Amino acid sequence: MKFAIQINEGPYQHQASDSAYHFTKAVLEKGHEVMRVFFYHDGVYNASRLTTPPQDDRHIVNRWAELAEQHDLDMVVCVAAAQRRGVVDEGEAKRNGKDATNIHPRFRISGLGQLVEAAIQSDRLVVFGD
Amino acid sequence: MSEVVKKFCYLNRKAPYGTIYAWESLEVVLIGAAFDQDVTLVFVDDGVYQLTKAQDTTAVGMKNFSPTYRTLGDYEVKHIFVDRESLQARGLNADDLVQVAWEDWETGEERENIVEVVDAGRVTEIIEASDVVFSF
């Protein structure tokens, strides 16, 4: 089956990203396809490479990045939600005159059309959040 | 834009200004219009407040995005359903809600108001009949 995943909450504050990670990992291990993971609302914070949790806790951002690396996952951060919350890549920094970037290189910033397209092309869109 | 046409259901469950879910849900609806899908919006629980008339956000200093709902007929939204029990529990009725007009540009078919108040059973059927449920 072809899955698309939507994550609506930030890391650590809420379990949504953890649940989505475990779900994504499980379906991939069962041989299913995950065609996109889309980060929306505060979920965009899951893409900050500046995240520094205590050493004895899980690193949610790096964990997503490693899973993406292993399975060539397409991890997309919503541009409108990211702009509001200060999640920035080089293109966005240039466009909006910002002096820094903070996105992890395994994620990419793109539009909401990527979410709608994922909903159309997948067999199941699974949403994690409140 | 897409040859596949799916039944999209946007399930709106939250009040408009306490959290950003309502506004960012609306942004998906507006962008999604370009994909020419079969779009239905459902409002339940505190989500019914999103459609109320005469919203005034001056005192909280937030953008009042409620006028956007009235234009949804121009964004490929064909049906808007509101859960009756959720309205009643909050002391509201259909007269408290904005009207949303709809027109099919190709056939010229028009409807003055596509907002419909329905029972919970109908809400369940609508969700069941959908291919995709965006839950906000």
Side-chain angles (χ1 to χ4, degrees), chain A residues 1-11 13-17 19-20 23 33-47 76-87 92 108-130, chain B residues 1-47 49-50 61-63 65 68 72 75-78 126-136:
Chain A
M1 190 174 274
K2 195 194 273 194
F3 286 94
I5 309 293
Q6 181 184 340
I7 297 161
N8 290 342
E9 312 293 340
Q13 164 86 5
H14 199 290
Q15 197 185 343
S17 182
S19 303
F23 180 84
E33 183 189 344
V34 175
M35 54 89 67
R36 185 162 297 146
V37 183
F38 192 87
F39 295 86
Y40 199 37
H41 304 308
D42 276 1
V44 299
Y45 291 126
N46 286 286
V76 179
V77 176
C78 169
V79 62
Q83 282 175 341
R84 271 190 190 111
R85 294 167 176 85
V87 174
E92 284 299 305
R108 64 186 180 95
I109 293 182
S110 189
L112 278 170
Q114 298 277 303
L115 171 64
V116 178
E117 183 191 75
I120 295 168
Q121 292 179 359
S122 61
D123 299 310
R124 289 282 187 282
L125 170 72
V126 185
V127 185
F128 292 86
D130 268 343
Chain B
M1 197 159 163
S2 160
E3 63 279 16
V4 182
V5 177
K6 283 189 169 179
K7 283 192 159 100
F8 271 29
C9 172
Y10 291 89
L11 183 61
N12 297 287
R13 302 171 292 132
K14 301 200 169 73
Y17 304 100
T19 58
I20 201 169
Y21 299 103
W23 174 225
E24 287 191 333
S25 165
L26 205 47
E27 289 192 330
V28 183
V29 176
L30 302 180
I31 296 286
F35 289 81
D36 293 326
Q37 303 292 299
D38 184 347
V39 178
T40 295
L41 267 59
V42 176
F43 294 83
V44 300
D45 300 340
D46 277 351
Y49 285 121
Q50 293 179 32
M62 289 162 84
K63 173 174 165 176
F65 54 86
T68 310
L72 285 178
Y75 288 92
E76 302 288 328
V77 177
K78 260 195 209 146
I126 293 155
I127 293 170
E128 256 175 3
S130 304
D131 297 310
V132 180
V133 179
F134 288 100
S135 181
F136 289 104

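So that the names make sense, note that chain A is the first sequence line, chain B the second, and so on, each numbered from 1. Since the model is a prediction, treat every value here as computed from it, not as a measurement.
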Considering only heavy atoms, which portion of A:Asp42 lies under 4.5 Å from any heavy atom of chain B: side chain, backbone, both, or neither? neither
Residue pairs passing the salt bridge (Lys or Arg N to Asp or Glu O under 4.0 Å) test where at least one lies in residues 110-126 of chain A, sequence neighbours excluded: A:Arg36-A:Glu117
Using heavy-atom distances under 4.5 Å, tell me whether B:Tyr21 contacts chain A through its side chain, its backbone, both, or neither. both
Can you check whether A:Phe39 and A:Tyr45 have ring centres sitting under 6.0 Å from each other? no
Considering only heavy atoms and a distance below 4.5 Å, find which of B:Val133, B:Asp131, B:Val132, B:Thr19 pairs most often with chain A. B:Val132
If I measure from the heavy atoms of chain B, does A:Gln114 come under 4.5 Å with its side chain, its backbone, both, or neither? neither
For residues 12-34 of chain B, the salt bridge (Lys or Arg N to Asp or Glu O under 4.0 Å) pairs (sequence neighbours left out) are A:Arg84-B:Glu24, A:Arg84-B:Glu27, A:Arg85-B:Glu24
Which of B:Val28, B:Ile20, B:Leu11, B:Leu26 passes side chain to side chain contact (heavy atoms under 4.5 Å, CB included) with B:Phe136? It is B:Val28
